[in-house]
Amino acid sequence: MHVSSDSKRGPTMPLLQVTIVEGRSAELKERLIHDLTATVVETLVVKPEAVRVLLQELPKTHWGTAGQSMAQRDKDKK
């Protein structure tokens, strides 16, 4: 994996953007942020303070698979 760098500042900060369907607990999201950060620290050999993780949660009405929103799929299962 290549990490871009600026000759004066060194490697740029790793930024991870993760999109998930809403509904997970705060505890699970904290664990995800922690585990992603730990993986990046180990893999790219950077300090944890350099790692940025952005979680974007989408409503089930905004996430579609196979031509159907997750909200509709949930309704159809009932």
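For reference, positions follow the sequence shown, starting with 1.
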query: How far does CD1 of I33 sit from CG of L28, to the nearest 0.5 angstrom?
result: 11.0 Å

task: Would you indicate whether the side-chain heavy atoms of V41 and K47 approach each other to under 4.5 Å?
output: no

field: Pairwise salt bridge (charged side-chain N to carboxylate O under 4.0 Å, His left out) hits with a residue in residues 13-39, at least two apart
entry: K29-E57

- prompt: Which pair of heavy atoms, one from P14 and one from L44, lies closest together, and at what distance?
  reply: CG-CD1, 3.9 Å

query: Mind checking what makes side-chain hydrogen bond (donor to acceptor under 3.5 Å, both in side chains) contact with D76, not counting sequence neighbours?
result: Q68, Q72

message: Would you say L15 ends up clustered with V51 if hydrophobic residues are merged whenever their side chains have heavy atoms under 4.5 Å apart, either directly or through other cluster members?
response: no

- prompt: Side chains of Q56 and V18: closer than 4.5 Å at any heavy-atom pair?
  reply: no

query: To the nearest 0.5 Å, how far apart are CD in E49 and OG1 in T37?
result: 10.0 Å

- request: Say whether L36 and V21 are linked into one hydrophobic cluster, either directly or through other cluster members, by side-chain heavy-atom distances under 4.5 angstrom.
  value: no

message: Between I20 and L16, is there shared hydrophobic-cluster membership here, with clusters defined by ILVMFWY side-chain heavy atoms closer than 4.5 Å?
response: yes

field: A50 versus V46, closest heavy-atom pair with distance
entry: CB-CB, 4.5 Å

